[in-house]
Novice: 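Structure in structure tokens, see below.
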Amino acid sequence: MSEMKDISAAINKANINITMVRVLTSLSETRSFTKTAERLCLSQSAISHAMKALEEIVGAPLVIRDRRGVAFTATGEAALDAARAALHALGRLAGLREHSIKGRVRLALVSSASVKIAPYALNITSVRHPELAVELLLGTDTEVAEWVDRGAADIGLSYIAGNCQAEELVDDELFVASSQKNSVQGGSFPIRALDGQPFIMSSGGCGPMLAELFQDFGVAPVVILSASDMAALLALVGAGRGLSIAPGLAFPADWQRTVARRPLEPRARRPLLLLFSSSAEATAVRAMCAAIREVATSLRGG
């Protein structure tokens, strides 16, 4: 108990916040400012500010950035050991209020939720409940709803509820993505302007939703390629191969480096849903749901 108090007191005295500690430990795993920003749902500038503040507190460089990524200095390695100890101690401190939960949760999700929701939720549960095992199942909206409905997954994150009990988490918006070179300046992108245009379809999540949207408006883009991975899809768009549509949550923190994006006209919004199965009352499942709701609240700005 005294160890936790000493660490907490040292953190407060040095004006070190939990975000700085998480940034440092995440950098040790990703070796990338960009990937750390995506994992923690922060901007790259926020990551840079956190590291700069830590280096000012320590009084020495902690990392070196080069073409291969991020490398830790000797001082940085020592700071990393201290940061890990601090997270561990704070996790134990939180455990005094809430016992660590054991068990296994099968979480099914669409690709957009794997960018902004799942990584941070998993970080939360790994600190609060280190013995909680989570199995991730990635699929389309329809597949996620079906998996939860038949009990192949305990909970799901999807834009389609199917036959499942559902709770709205975040109101998401669909955007048209284009290469920056071929981007047309202006506000929204008329959905009818997609008719006959080369189009790259997402096969990893929102494909069925887009097909329904096109049918509703009588629009027929020419699907020339499909991609299940969002990074690959945006790379293809950025290279000028065609246009695409993706939910805002699917775009990584540094999407501006690859593509330009504009909201659809008329605006198309879809709530991301938390889906439940019959086992949703299990203690382990409730712990995972609590972490997901916490991330969703931060994305809503409150």
Side-chain angles (χ1 to χ4, degrees), residues 1-98 114-130 170 231 248-249 251-258 290-302:
M1 181 68 177
S2 60
E3 175 197 359
M4 291 186 285
K5 286 184 176 179
D6 290 344
I7 291 176
S8 296
I11 288 175
N12 291 334
K13 184 177 180 180
N15 291 322
I16 299 174
N17 60 47
I18 192 66
T19 298
M20 296 178 187
V21 178
R22 289 189 182 280
V23 166
L24 191 65
T25 55
S26 180
L27 272 176
S28 71
E29 299 169 0
T30 66
R31 300 289 168 167
S32 164
F33 275 56
T34 299
K35 292 180 180 179
T36 292
E38 294 175 4
R39 173 181 289 190
L40 300 183
C41 298
L42 296 171
S43 65
Q44 288 193 62
S45 62
I47 301 298
S48 298
H49 286 314
M51 288 303 300
K52 182 178 179 181
L54 276 176
E55 290 177 334
E56 289 177 353
I57 291 169
V58 175
L62 301 180
V63 297
I64 299 172
R65 300 172 70 176
D66 57 29
R67 293 180 180 177
R68 293 173 295 180
V70 172
F72 279 71
T73 65
T75 302
E77 292 289 351
L80 180 59
D81 289 340
R84 287 170 174 160
L87 282 179
H88 178 68
L90 291 173
R92 288 169 54 201
L93 189 61
L96 296 177
R97 178 183 60 83
E98 180 181 29
S114 70
V115 176
K116 297 285 180 64
I117 301 280
Y120 196 28
L122 291 173
N123 282 346
I124 291 174
T125 56
S126 68
V127 172
R128 295 178 183 170
H129 313 292
V170 181
L249 289 176
F251 287 82
D254 64 340
W255 60 266
Q256 297 95 331
R257 296 177 54 185
T258 309
I292 290 171
R293 292 187 184 104
E294 186 173 329
V295 177
T297 298
S298 69
L299 290 174
R300 292 195 302 265

Novice: Decide yes or no for R257 and T34: does some side-chain heavy atom of the first lie under 4.5 Å from some side-chain heavy atom of the second?
Specialist: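 With C-beta onward as the side chain, the pair touches.
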Novice: Can you give me the closest heavy-atom contact between T125 and A291, atom names plus distance?
Specialist: CG2-CB, 3.6 Å
Novice: Locate the shortest heavy-atom distance separating G248 from K116; write the atom from each residue and the value.
Specialist: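 Minimum heavy-atom separation between G248 and K116: O-NZ, 4.0 Å.
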Novice: Considering non-hydrogen atoms only, spot the tightest contact between A296 and V170 and give its length.
Specialist: CB-CG2, 3.8 Å
Novice: Quick one: does R128's side chain get under 4.5 Å of N123's, heavy atoms only?
Specialist: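 The answer is no, as the side chains (C-beta and beyond) never meet within the 4.5 Å cut-off.
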Novice: State whether Y120 and R39 meet the cation-pi test: NZ (Lys) or CZ (Arg) under 6.0 Å from the six-membered ring centroid, and within 45° of the perpendicular axis.
Specialist: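 No - R39 does not lie over the ring of Y120 by the 6.0 Å and 45° rule.
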Novice: Is any side-chain heavy atom of Q256 closer than 4.5 Å to one of F251?
Specialist: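 When only atoms from C-beta onward are counted, Q256 and F251 do not touch, as no gap falls below 4.5 Å.
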Novice: In the structure I gave you, are the side-chain heavy atoms of F33 and V23 within less than 4.5 Å of one another anywhere?
Specialist: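 SC-SC contact between F33 and V23 ruled out.
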Novice: Please enumerate all residues that pass side chain to side chain contact (heavy atoms under 4.5 Å, CB included) together with R84, with sequence neighbours excluded.
Specialist: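 Once residues adjacent in sequence are excluded, the partners of R84 under the side chain to side chain contact (heavy atoms under 4.5 Å, CB included) criterion are T25, S28, L80, D81.
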Novice: Apply side chain to side chain contact (heavy atoms under 4.5 Å, CB included) to the pair V295 and I124, showing each step before the final yes or no.
Specialist: CA-CA 9 Å; V295 177; I124 291 174; 4.0 Å; yes
Novice: Any side-chain heavy-atom pair from E38 and S26 closer than 4.5 angstrom?
Specialist: no
Novice: Under 3.5 Å, side-chain donor or acceptor atoms of residues 52-63 against the rest of the protein: list the pairs with distances, not counting sequence neighbours.
Specialist:
| residue | atom | partner | partner atom | Å |
| --- | --- | --- | --- | --- |
| E55 | OE2 | L62 | N | 2.9 |

Novice: So, K35 side chain and L27 main chain: donor-acceptor pair closer than 3.5 Å or not?
Specialist: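 Not a single qualifying donor-acceptor pair exists.
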